[in-house]
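Since the structure comes first, as structure tokens, the remarks are kept for the end.
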Amino acid sequence: MGCLSATTLGRVTGAFRFGLQVPRVETRDELVTVACRAEDLGFDTIVVADHLVDGVLAPVVALATLAEATTRLRLGTLVLNNDWRHPALLAREAATLDLVSDGRLELGLGAGHAAPEYAEVGVSFDPPAVRVARLEEAVAVLRRLFDGDAVTFGGKAYRLASHQLFPVRRPRLLVGGNGDRVLRLAAREADIVGFTGLGQTRADGQTHDVAWDEASIDRKVAVVRAAAGSRLRALELNALVQHVAITDDREAAVAPLAALTRTDPAVLLASPYVLVGSATEIVEQLHRVRERWGFSYFVTRDADATAPLIEVLGRTG
């Protein structure tokens with residue numbers, strides 16, 4: 001059943017796309033209301049995170065509900081922790097979800113980063129290189145299964161013997177992170193490269209150092225461009241936006257975040273990860289970000305603050 005209250009506002013024109021990350025909800029009605037409103041406001045995607053803490057819903061089950069409640073929104077994971085799922089089982093869940101949503105799934109996958117989650121469930125939190133190696137194997141398996149191959153695979157983490165996927169579907173694949181090795185993997189294998197802009201995870205397992213200055217972004221995007229080769233034109237670059245605020249005083253509004261992250265306010269106001277200012281100022285910022293780095297897909301956590309941007313871009317492109 002679709003969103004009965006939704007109105008047709010049209011999709012964002014041009015190359016820009018906007019996604020909304022589902023906030024914490026307590027009931028099915030809340031979840032459906034969030035999705036219907038996102039569809040009504042003109043968002044392109046709705047995505048669910050994947051954490052064992054902080055009241056995050058089980059992503060695949062939540063997205064199945066959202067598939068029933070919406071008609072236009074694409075459905076995404078941003079991002080699944082690869083360490084929680086065998087790729088053959090994930091492929092089956094993803095293919096089924098893509099089927100029941102009429103091809104609207106965008107499967108996002110990452111290597112995992114939050115040590116406290118692993119500790120809570122007694123799973124070893126391996127060094128980054130080991131987790132990323134598993135992610136590389138998982139992506140290789142997923143790609144072949146989505147292509148309809150009978151997959152025989154002998155890796156360090158995963159082994160398959162002439163395994164085939166049912167139903168055979170090929171959802172769009174997003175690989176997300178900030179490390180060079182993950183970004184290279186995304187450039188080579190994914191449809192969407194997800195940039196977090198987040199550096200080393202701090203001791204609490206949730207907060208991070210930030211890498212939002214232009215030089216750092218230049219370097220990360222250069223890594224993707226070099227690894228993508230001829231695939232570059234087909235890639236979509238995504239930024240997970242950490243803060244959105246519509247205001248007539250950009251400097252005052254960004255000051256608390258600058259203090260929290262120990263970052264120059266001017267750096268924040270130029271990055272793709274912080275969108276602060278009037279709707280017109282932010283739209284101008286988005287155009288600059290797209291021109292310099294190629295980011296065109298932005299996921300936020302604030303529907304109200306993002307809606308004016310969608311409206312302006314819908315009028316101006």
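- We find that D149 and R143 are not joined by a salt bridge, their nearest charged nitrogen and carboxylate oxygen being 4.0 Å or further apart.
- Two rings, from H163 and F153, have their centers 6.0 Å or more apart.
- Looking only at distances, no side-chain donor or acceptor of E106 sits under 3.5 Å from a matching main-chain atom of P171.
- At least one donor-acceptor pair under 3.5 Å links the side chain of E30 to the backbone N or O of E26.
- Side-chain polar atoms of S124 and D126 form a donor-acceptor pair below 3.5 angstrom.
- Annotation: the span from L41 atom CG to L309 atom CG amounts to 11.5 Å, rounded to 0.5 Å.
- Salt bridge status for D40 with R72: absent, with no side-chain N to carboxylate O gap under 4.0 Å.
- When the side chains of ILVMFWY residues are joined at heavy-atom separations under 4.5 Å, either directly or via intervening members, L240 and V274 end up in two distinct hydrophobic clusters.
- A cation-pi arrangement is present between R131 and F125, with the terminal nitrogen or guanidinium carbon under 6.0 Å from the aromatic centre and inside a 45° cone about the axis.
- Side chains of V276 and H243 form a contact here, defined as non-hydrogen atoms less than 4.5 Å apart.
- With hydrophobic clusters built from ILVMFWY side chains whose heavy atoms lie under 4.5 angstrom apart, F298 shares a cluster with L198.
- Here the side chain of Q21 pairs no donor or acceptor atom with the backbone of T300 at under 3.5 angstrom.
- Residues F146 and L107 form a side-chain contact, since some pair of their non-hydrogen atoms from C-beta on lies under 4.5 Å apart.
- Ion pairing of D83 with R134 is present here, as a side-chain N (NZ or NE/NH1/NH2) and a carboxylate O approach within less than 4.0 Å.
- Residues I192 and R172 form a side-chain contact, since some pair of their non-hydrogen atoms from C-beta on lies under 4.5 Å apart.
- Between the side chain of T96 and the main chain of A94, no donor-acceptor pair closer than 3.5 Å is present.
- In summary, of the residues considered (L97, V22, V47), a side chain to side chain contact (heavy atoms under 4.5 Å, CB included) with L66 occurs for V22 alone.
- In this structure, E137 contributes its side chain and G155 its backbone to no donor-acceptor pair below 3.5 Å.
- Side-chain contact between V141 and L160 is present, with at least one heavy-atom pair separated by less than 4.5 Å.
- One finds no salt bridge joining D98 and R170 here, because no Lys/Arg side-chain nitrogen approaches an Asp/Glu carboxylate oxygen to under 4.0 Å.
- No side-chain N or O of R290 forms a donor-acceptor pair with one of Q285 less than 3.5 Å apart.
- You'll find the side chain of Y273 reaches within 4.5 Å of the side chain of F295, heavy atoms only.
- Between I46 and T70, the closest side-chain pair of non-hydrogen atoms is not below 4.5 Å.
- Cluster membership for W293 and L286, using ILVMFWY side-chain heavy atoms within less than 4.5 angstrom, is shared.
- Residues W212 and F195 place their aromatic rings such that the two centres sit no closer than 6.0 Å.
- Residues L174 and V221 fall into different hydrophobic clusters, defined by Ile, Leu, Val, Met, Phe, Trp and Tyr side chains chained together at heavy-atom separations under 4.5 Å.
- Ion pair E189/R231 not flagged as a salt bridge, since none of the NZ, NE, NH1 or NH2 atoms sits closer than 4.0 Å to an Asp/Glu carboxylate oxygen.
- Cation-pi check for R17 over Y297 is met; the charged atom lies under 6.0 angstrom from the ring centroid and within 45 degrees of its normal.
- Using a distance-only test at 3.5 Å, with no hydrogens or angles considered, no donor-acceptor pair links the side chain of T77 to the main chain of V79.
- To the nearest 0.5 Å, atom CG of residue L31 and atom OG1 of residue T27 are 8.0 Å apart.
- The two residues A69 and C36 make their nearest non-hydrogen contact at O-SG, 3.9 Å.
- A heavy-atom distance below 4.5 Å is found between the side chains of V182 and V175.
- For the pair S278 and I246, the minimum side-chain heavy-atom distance is 4.5 Å or more.
- In this structure, a donor-acceptor pair under 3.5 Å is absent between the side chains of S162 and T152.
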